[in-house]
Amino acid sequence: MYDHLNIEKKWQKIWEEKKINKTSEDKNKPKYYILDMFPYPSGTGLHVGHPKGYIATDIFARYKRLNNFNVLHPMGWDAFGLPAENYAIKNKVHPQEATDKNIAIFKEQLNRLGLSYDWEREINTTDPNYYKWTQWIFLQMYKKGLAYESYEPINWCPSCQTGLANEDLENGLCERCGTVVEQKPMRQWVLKITDYADRLLNDLDKLPDWEESIKEMQKNWIGRSEGAEIKFKIKNREDKISVFTTRVDTIFGCTYVVLAPENKLISNLKSNIKNKEEVEEYIEKAKNKTDLQRTDLNKDKSGVKLNGVKAINPFNNEEIEVYIADYVLNSYGTGAVMAVPAHDERDFEFAKKYNLEIRKSITSINNSEVNADKAFTEDGILLNSDNYNGLSSKEAREKMIDWLEESGHGEKKINYKIKDWVFSRQRYWGEPIPLVHCKKCGVVPVPEKELPVKLPNVKNYEPSGTGESPLAKIEDFVNTKCPKCGGDAKRETNTMPQWGGSCWYYLRYIDPKNNEALVDKQKEKYWSPVDFYVGGAEHATRHLIYARFWHKFLFDIKAVNYEEPFIKLQHVGLIIGEDGRKMSKRWGNVINPNDISDKHGADSLRVYEMFMGPFSQSVSWNTKGLIGARKFLDKVESFFSDIKEDEKEDEKILSLLHKTIKKVGEDIESFSFNTAVSAMMIFVNELVDFKNKNHFSPLKVDNLKMFIQILSPFAPHLSEELWERMNEKESIFKSSWPEYSSLLIQDKNINLVVQVNGKLRATIEVSADISEEEAFEVSSNNEKVKSYLEGKEIIKKIFVPKKLVNIVVKQ
RNA sequence: GCCGCGGUGGCGGAACUGGUAGACGCGCUGGACUUAAAAUCCAGUUGUAGCAAUACAGUGCGGGUUCGAUCCCCGCCCGCGGCACCA
């Protein structure tokens, strides 16, 4: 048992004094930027699951440095957000105070693990020198028309008392507190992410090193669909009902039109509607439903006919009924659909319930019977469709869209599921939105040289409950002069959401103290983009979409040199509690990494977390399993504390050393840390076995040093200590990754596998370059194999060089 | 419902491009050391039968392709993650 506490403390101190983790800016070397998703410094500190990704990137960073790269590997704090604010409300402590305290705890926990961050580049999103630039970016967006004021109904969390973006919901519940979210019309600032939808989608193809699963999630979230917008005339009126559909080809089966209850058109139609009371009652009822109730797929569809209103199908001039129903969403497309019950499940269900006509206009390609109890929703061949009869769905769509455009009845249209980003929060602990409202001039941006607009100190952090931020009550803050006319004006009091600061932080690490720009363009050119980004998959459709959006915008205004921020992306699999539940205070299954470091050592924790299983997979924590990692390090330490060299080296173990160097290097590159650790364990087991039998080391010290070098990214403290004990004066991390000899990793002999009819019957040690003839000869002369061949006719012989022989006999 | 990922000993998992299934680790069993325990070391550990050599079965289930399938194809079952009345 080695003294991990003293060794780890000793080297952490020396590394800090010698600034060993300071980023080198030597431009002659290739750069490598490896980044963790920075944490929110919560009040509960880190549990043992958080550092898994940090350990992996640290191993990778150290490996890259040993391979002569300039490595940028920084860390910082995503520190705005609700928990600090709620804590402030409860305890009347300024959120900054609580945040600073939490950061100190996090930092201490991270440092205990020997992570090689360059702390001189630490950033904090709540630092005015940082959020100055978050505000600056917002202003640029405002100037380009990408930030706009809107009064549309948005998601409102009655418990957090703030508006939320679509991305902040989980199954219709507030992602933070789990409260059912309401729809509330209110003034808000919105970012036009939909302008970038196409690029966000298409450029995913430029990211071959992103995991497919995450790209898929983004694609689904963006939700592009191609179709047509069709205008239906309203009988005896000038205005029209526009609908969006991806299936124009089914339009001859359209038997009615449906509007969402919130559709603005309805109030225009009032004079025509004969059953006003019934309609208004339905709209009122729909309004009072939560989103959750409305989108419950199991519920019955409901709706009301607009008596006195008829729409006209432009393709056949047929007059059809108009309904309102809450199965149509106002926020997607035009808030109205053409209903084709025969070919759409939802319309089918609705038509069945209200006994509406179901008219078939598509038949299946292979003429198989279409089930009458179900909508036929696939593509097929048109029928009952005038001169489109006989066309395939695809052909019909093209022709019909052409006709729509020629005749002015509609056009080709692309719709997205992604919505513009609701960007204002009615809370205190966020970046103030740098705008001023002037009675004369309207909305006026704060001049850039007046940034940052600092968060004022307040006494009460409670949300006002009126839909205004607590800042609205701070008169000193609110009342200002209009930058344009100099007259009395009021500041915008909404703040930015937590995702704001994290949209561009990776750029700031490159140049963290710059007062002139968010990042120096030359420095950015060298260090950007992030070569490797590691973090939780839960950010796939939030942070990772937002950050790509902002980055593309910054590229467009020429603030950065590259169009995509992250070249390679890898997600971390969670570490869950020993009981199989997510680690949380609530279940009492939280394990603090400090306790593990105290008892077993930080190096053991590092090795264990990498050894637990495949990096991207979630695994249960198991303190017993950690013992294995510790035993491994103990073995290393005890072997290296007492090396007796001998004249000759053991060839097999020397070869194994070089194979291990190769494997560990390749495994680090592919993030297969579990097998890298396993390979090192195998090597050490061989070393120890040999020594136990022969009482001297199978390898010379110079060769043994190579093993310590490949171990060093995983167990930096112990490796550094052993390196010193082997009389090295410079840090092991200033050395280089050992090169393996391709000659030494070649085996002279192999175990030839001999199969008879595909079943293993013998393994014979033979020379690796054995010929086919020789291989068959040795095999058929083998006693055991012989017994299987006796009296049988050989049909076929298969030979795989360096591997196996398979003899096929007639049964 | 749709999209993605996965299912291998008591447990975490390994297996190149279709070529010895179960590496490595935990746990367990037996032994050595010890007054004893812990630690450490040695041996064993997929199942069935057998003292053993060995034989047969075996990677969620059912089929298929192949000399040979954890890996490829077809049809299912189960688990996890994401999206979900998106027209």
Side-chain angles (χ1 to χ4, degrees), chain A residues 1 170-172 211-221 223-225 227 243-247 250 258 260 294-299 301 325-329 331-340 343-347 349-350 377 415-419 537-538 540-541 571 573-574 607-608 611-614 616-632 634-635 638 666 672 674-685 688-689 692 751-763 784 795-800 802-809:
Chain A
M1 289 283 275
E170 255 170 27
N171 299 321
E211 288 167 284
E212 245 358 272
S213 60
I214 294 197
K215 284 201 270 189
E216 208 53 46
M217 280 161 80
Q218 291 209 349
K219 279 181 195 164
N220 291 340
W221 189 261
R224 180 184 197 270
S225 35
V243 304
F244 173 73
T245 178
T246 54
R247 292 297 305 274
T250 64
V258 195
R294 270 190 68 167
T295 57
D296 184 359
L297 288 166
N298 296 321
K299 75 149 207 231
K301 297 215 174 354
D326 65 5
Y327 79 90
V328 174
L329 305 172
S331 53
Y332 183 76
T334 59
V337 301
M338 62 177 216
V340 186
H343 305 296
D344 180 282
E345 280 170 31
R346 296 150 298 183
D347 299 338
E349 205 185 306
F350 189 79
T377 57
N415 259 319
Y416 298 95
K417 281 199 248 182
I418 194 170
K419 307 225 168 75
E538 70 272 20
T541 56
H571 84 273
L574 290 178
V607 170
Y608 173 60
F611 183 62
M612 290 173 88
S616 59
Q617 200 174 297
S618 59
V619 242
S620 288
W621 177 264
N622 180 358
T623 304
K624 269 186 186 161
L626 179 120
I627 303 296
R630 174 65 204 220
K631 279 188 194 165
F632 163 63
D634 276 330
K635 261 190 198 175
S638 83
E666 287 168 355
S672 312
N674 54 335
T675 49
V677 172
S678 155
M680 291 191 284
M681 285 173 167
I682 292 169
F683 175 73
V684 170
N685 288 345
V688 172
D689 265 8
N692 286 345
N751 286 322
L752 184 73
V753 171
V754 185
Q755 298 179 339
V756 178
N757 285 356
K759 285 204 171 166
L760 173 73
R761 293 306 176 191
T763 58
K784 243 198 92 185
I795 308 172
K796 203 172 181 181
K797 288 177 177 179
I798 283 142
F799 175 68
V800 182
K802 297 190 180 189
K803 276 222 172 89
L804 91 160
V805 157
N806 187 11
I807 302 171
V808 188
V809 296

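In what follows, every heavy atom counts, from backbone to side chain, and hydrogens, waters and symmetry copies are set aside. Just so it is clear: chains get the letters A, B, ... in the order the sequence lines come, proteins before strands, and each one is counted from 1.
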Q.
Between B:rC85 and A:Lys301, counting only base atoms on the nucleotide and side-chain atoms on the residue, is there a donor-acceptor pair under 3.5 Å?
A. yes

Within the pair [X] and [N], is there a side-chain N or O less than 4.0 Å away from OP1 or OP2?
X: A:Ser225; N: B:rA87; answer: yes
X: A:Lys417; N: B:rC2; answer: no
X: A:Tyr608; N: B:rG25; answer: no

(Q) Applying ring-ring contact (aromatic ring centres under 6.0 Å, His included), can you list everything that pairs with A:Phe799, at least two apart in sequence or on another chain? (A) none

Q: Under the ring-ring contact (aromatic ring centres under 6.0 Å, His included) rule, collect the residues that match up with A:Tyr327, sequence neighbours excluded.
A: A:Phe350

Starting at [atom1] of [X] and ending at [atom2] of [N], how long is that distance when rounded to a whole Å?
X: A:His571; N: B:rG82; atom1: NE2; atom2: P; result: 11 Å
X: A:Leu760; N: B:rA57; atom1: CG; atom2: C1'; result: 15 Å
X: A:Leu752; N: B:rG19; atom1: CG; atom2: C1'; result: 11 Å
X: A:Glu349; N: B:rA87; atom1: CD; atom2: C1'; result: 14 Å

Got a list of protein N/O to nucleotides 29-32 of chain B N/O distances below 3.5 Å?
none

Q: Applying side chain to side chain donor-acceptor pair (under 3.5 Å), name anything that partners A:Lys803, two or more places apart in sequence or on another chain.
A: none

Q: Could you pull out all residues at least two apart from A:Glu666 that satisfy side chain to side chain donor-acceptor pair (under 3.5 Å)?
A: A:Lys662

Q: Write down the distance separating the C1' atoms in B:rA84 and B:rU45, rounded off to the nearest Å.
A: 48 Å

Q: Sorted by first residue and then second, give each salt bridge (Lys or Arg N to Asp or Glu O under 4.0 Å) pair with at least one member in residues 675-685 of chain A; sequence neighbours left out.
A: none

Q. Partners of A:Leu804 by side-chain contact (heavy atoms from CB on, under 4.5 Å), sequence neighbours excluded?
A. A:Val753, A:Gln755, A:Val800

(Q) According to side-chain contact (heavy atoms from CB on, under 4.5 Å), who are the partners of A:Asn674, at least two apart in sequence or on a separate chain? (A) A:Pro614, A:Ser672

With the criterion being N/O to N/O and under 3.5 Å, what pairs connect the protein with nucleotides 8-18 of chain B, and how long is each?
residue	atom	partner	partner atom	Å
B:rG12	O2'	A:Met612	O	2.6
B:rG13	OP1	A:Gln617	NE2	2.5
B:rA14	OP1	A:Asn674	ND2	2.9
B:rC16	N3	A:Lys803	NZ	3.4

Show me the protein contacts with nucleotides 64-67 of chain B, counting only N or O atoms at under 3.5 Å.
residue	atom	partner	partner atom	Å
B:rC67	OP1	A:Lys796	NZ	2.9
B:rC67	O2	A:Asn806	ND2	2.3

Q) What's the closest nucleotide to the A:Ser678 side chain, out of B:rC24, B:rA87, B:rA84? A) B:rC24

Q: Say whether A:Lys635 and A:Asn685, considering side chains only, have a donor N or O and an acceptor N or O under 3.5 Å apart.
A: yes

Q) So what does the secondary structure string of RNA chain B come out as, 5' to 3', with Watson-Crick or wobble pairs under 3.5 angstrom, [ ] for crossing and | for pairs with another strand? A) (((((((..(((......[....)))((((((.......))))))((((....))))..(((((..]....))))))))))))....

Q.
One character per nucleotide, please: for nucleotides 38-51 of chain B, 5' to 3', B when the base has a protein heavy atom closer than 4.0 Å, S when only the sugar-phosphate does, - otherwise.
A. --SSS---------

